[in-house]
Amino acid sequence: MSTDITKGTPSTSYNGGWRTSSAWLHTWSGLTLGWILYFVFVTGTVGYFDTEIDRWMQPELPRSQTGTSTDEAANAILNFAQANAPGADQWLMSLPASRNQPFGSLYWRGASIESGAVSASGNTLIDLNNITALNARETGGGQLLYQMHWRFPYMTRTYSDWIISIATFFMFVAIISGIITHKRIFKDFFTFRPGKGQRSWLDAHNVLSVVALPFHLMITYSGLLFMGFSFMPLVFAAYYGNDNGARGQFYSEVFDPPGMVAAAGVAAPLTDLGAVIEEAESVWGENRIATIDIRNPGDSQARIFISENFDQTVAAGAGRLVFDGTSGELLHNAPSASSPAKAVRDVSLGLHEGLFATTLLRWLYFFAGVVGTAMVGTGLVMWTVKRRQQASSEIDKKHRGIRLVEKLNVGTVAGLFVALATYFWANRLLPASMPDRADWEVHTMFLTWALMLMLSAFIPARQSWPMQFRLGGFAFVLLPVVNMATTERGLIHSLATGDWVFAGFDLTALLCGALLFWIAQRATQVMNKHQKQRAPQTGPTSPIPSEHPVEGARQ
């Protein structure tokens with residue numbers, strides 16, 4: 001016999017038992033790693049605008065130079081490489097080809113200090129107008145925030161991969177079991193009953209789960225495939241072995257282009273780069289080159305590897321052309337989908353990252369991520385609401401487990417927004433020449449988050465919820481003010497000059513702050529309503545009322 005979770009009555013049907021089991025699995029898989037998933041959703045959602053955040057966090061940089069032609073950009077970077085990194089084993093030139101690469105850059109290694117190289121290896125952005133290095137403050141930027149959703153700070157890559165892989169798997173289980181559990185899923189999508197305590201939170205959770213369900217399925221399943229190399233090491237170990245070089249051999253065969261050769265030690269001039277670019281564009285079309293990787297420049301065994309820009313294709317895999325570096329002869333044409341397995345991997349990763357997305361589609365990705373964040377957050381809160389309402393006594397309502405989850409919810413759900421805002425504050429307020437500056441931006445973020453968790457432990461939840469949301473609101477609303485006070489690219493100036501990257505960031509910060517203030521106000525209203533409902537039961541000798549911020553009238 002099983003209990004029908006929708007009615008609370010015994011049911012002997014097979015389907016009822018199946019739904020009951022699915023509900024139990026959905027609840028506990030969602031809660032077990034819910035806090036990790038919440039952090040992953042927040043940082044992953046922010047990451048859809050990682051490039052724009054990078055540029056806001058380095059206000060010293062000029063506007064995007066994506067309008068520069070391929071020939072001009074390539075020759076400018078090559079001239080910089082020859083002047084600053086002679087004798088190098090590799091010059092990797094990234095062209096300002098798209099929104100994802102707004103500036104030209106050069107990475108080099110093995111350069112000769114004796115020949116006048118500024119350093120043996122390095123990586124720098126280049127101003128294509130005067131062929132000089134672009135200098136800007138050190139920062140983790142939006143790229144580091146994005147990386148946090150698949151690589152945790154303060155943790156080795158191995159442990160981080162396993163934790164996130166398991167959390168993603170639990171997320172996938174929670175989604176599938178949630179679909180099975182909610183047999184009235186589409187009817188519930190149009191149902192919302194405010195002021196009904198657990199029922200209201202369940203309605204909100206259902207709506208948020210269904211409105212972006214295809215996105216949630218895609219982002220979770222593609223995440224599992226992407227993390228599969230770490231989560232399922234036996235897949236490649238069965239073929240390549242499990243020794244130290246097995247993984248390197250696997251990645252070399254899958255990702256390294258053909259035609260790699262060692263230097264011969266015989267000097268030879270580099271072929272005309274313009275002719276190579278012209279032939280590459282005859283294959284892919286104009287302005288489709290993302291990187292030019294020159295190996296063994298100045299040697300008779302020089303090779304030029306040209307990678308295609310894939311910002312207009314879903315698959316996150318680039319086609320590659322290999323040229324002889326001295327004669328300019330085309331040696332290999334490696335398509336992006338070199339194998340079915342790599343094609344599946346590239347399409348899954350491309351859908352997950354959304355690098356191909358236009359501005360409108362990128363905002364849709366962002367809002368779907370916000371909905372996913374709210375879905376996880378409401379699920380966490382609903383866990384404590386349900387258990388407090390089901391408790392048979394005030395002693396049960398104050399059970400240590402429930403109170404622990406409740407306080408962790410406050411510090412995680414509300415406190416993370418305060419911590420995220422301080423990450424941007426640190427970028428503007430830390431000295432520009434400070435050693436390990438990027439690391440301290442991250443330290444500031446996590447120290448703030450730890451402080452919010454401590455506050456939630458010592459302050460009753462009915463006060464801590466609105467307080468932390470208000471702190472987050474103030475932190476985000478004041479970000480444009482801090483930006484205007486510390487740089488010359490404040491909101492008014494950005495709007496006047498059409499600098500939409502900076503203006504867009506500041507306006508989004510104001511919108512986030514306003515949303516957090518609204519949430520804080522709603523939380524306060526729920527607190528007051530809850531207190532009024534419990535007032536007749538509360539006397540001088542009565543137990544302390546439940547401090548949960550969202551419990552409303554019982555059904």
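Everything quoted here is computed from the prediction, not taken from an experiment.
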Do [X] and [Y] have ring centres separated by under 6.0 Å?
| X | Y | result |
| --- | --- | --- |
| Phe476 | Trp425 | no |
| Phe424 | Phe505 | yes |
| His216 | Phe172 | no |
| Phe446 | His443 | no |
| Tyr159 | Phe152 | no |

For [X] and [Y], which heavy atoms make the closest approach, and how far apart are they?
| X | Y | result |
| --- | --- | --- |
| Ala475 | Ala421 | CB-CB, 3.4 Å |
| Ala438 | Gly140 | CB-N, 3.6 Å |
| Phe323 | Ile306 | CE1-CD1, 3.9 Å |
| Met57 | Gly142 | SD-N, 4.2 Å |
| Asn309 | Ser98 | ND2-CB, 3.6 Å |

Test Asp89 against Arg295 for salt bridge (charged side-chain N to carboxylate O under 4.0 Å, His left out), laying out the working first. CA-CA 6 Å; Asp89 298 327; Arg295 305 291 181 98; over 6 Å; no

Is a side-chain donor or acceptor of [X] paired with a backbone partner of [Y] at a separation under 3.5 angstrom?
| X | Y | answer |
| --- | --- | --- |
| Asp506 | Pro480 | no |
| Ser160 | Thr156 | no |
| Asp293 | Phe305 | no |
| Asn100 | Thr51 | no |
| His493 | Gly490 | no |
| Glu281 | Asn287 | yes |
| Gln65 | Phe103 | no |
| Trp449 | Phe417 | no |
| Ser282 | Glu279 | yes |
| Asn483 | Leu479 | no |

Using 30° and 60° as the class boundaries, would you call the ring planes of Trp363 and Phe366 parallel, tilted or perpendicular?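 Trp363 and Phe366: perpendicular rings.
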
Do other residues, nucleotides or ligands put more than 12 heavy atoms under 6.0 Å from the [atom1] atom of [X]?
| X | atom1 | value |
| --- | --- | --- |
| Phe356 | CZ | yes |
| Tyr221 | OH | no |
| Glu278 | CD | no |
| Glu286 | CD | no |

About how many Å separate [atom2] of [Y] and [atom1] of [X], when rounded to the nearest 0.5 Å?
| X | Y | atom1 | atom2 | answer |
| --- | --- | --- | --- | --- |
| Met93 | Ile304 | CE | CD1 | 9.0 Å |
| Thr291 | Ile294 | OG1 | CD1 | 10.5 Å |
| Ile166 | Ile36 | CD1 | CD1 | 9.0 Å |
| Leu355 | Tyr48 | CG | OH | 9.5 Å |
| Ser105 | Leu92 | OG | CG | 7.0 Å |
| Leu430 | Asp436 | CG | CG | 11.5 Å |

Side chains of [X] and [Y], donor plus acceptor under 3.5 Å:
| X | Y | answer |
| --- | --- | --- |
| Thr422 | Thr448 | yes |
| Asn427 | Thr139 | yes |
| His149 | Thr43 | no |
| Asn296 | Gln90 | no |
| Asp324 | Thr326 | yes |

Check ion pair [X]-[Y] (N to O, under 4.0 angstrom):
| X | Y | value |
| --- | --- | --- |
| Arg288 | Asp311 | yes |
| Arg320 | Glu308 | no |
| Asp50 | Arg99 | yes |

A side-chain contact here means heavy atoms from C-beta on lying under 4.5 Å apart; do [X] and [Y] qualify?
| X | Y | result |
| --- | --- | --- |
| Gln101 | Thr66 | no |
| Phe49 | Thr508 | no |
| Leu128 | Pro96 | yes |
| Trp91 | Leu78 | yes |
| Leu491 | Leu495 | yes |
| Asn123 | Leu106 | no |
| Glu329 | Leu331 | yes |
| Leu224 | Met171 | no |

Audit row: Leu349, Asp346, side-chain contact (heavy atoms from CB on, under 4.5 Å) steps and yes/no: CA-CA 5 Å; Leu349 181 59; Asp346 289 346; 5.6 Å; no

Distance to the ring centre below 6.0 angstrom and angle to the axis at most 45 degrees; does that hold for Arg489 and Phe502?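 Ring-cation test returns yes.
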
Can you see whether Trp56 has Arg428 sitting over its ring - NZ or CZ less than 6.0 Å from the centre and within 45° of the normal?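 Here Arg428 passes the 6.0 Å and 45° test against Trp56.
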
Assess whether side-chain contact (heavy atoms from CB on, under 4.5 Å) is satisfied between Val261 and Arg303, documenting all intermediate values. CA-CA 8 Å; Val261 294; Arg303 292 291 185 270; 3.9 Å; yes

May I have the step-by-step check of side-chain contact (heavy atoms from CB on, under 4.5 Å) for Asn79 and Gln82, ending in yes or no? CA-CA 5 Å; Asn79 290 336; Gln82 291 171 336; 3.8 Å; yes

Would you please test Asp499 and Thr497 for side chain to side chain donor-acceptor pair (under 3.5 Å) and show each step? CA-CA 6 Å; Asp499 190 351; Thr497 58; 5.2 Å; no

May I have the step-by-step check of side-chain contact (heavy atoms from CB on, under 4.5 Å) for Thr124 and Leu134, ending in yes or no? CA-CA 7 Å; Thr124 185; Leu134 287 171; 5.9 Å; no

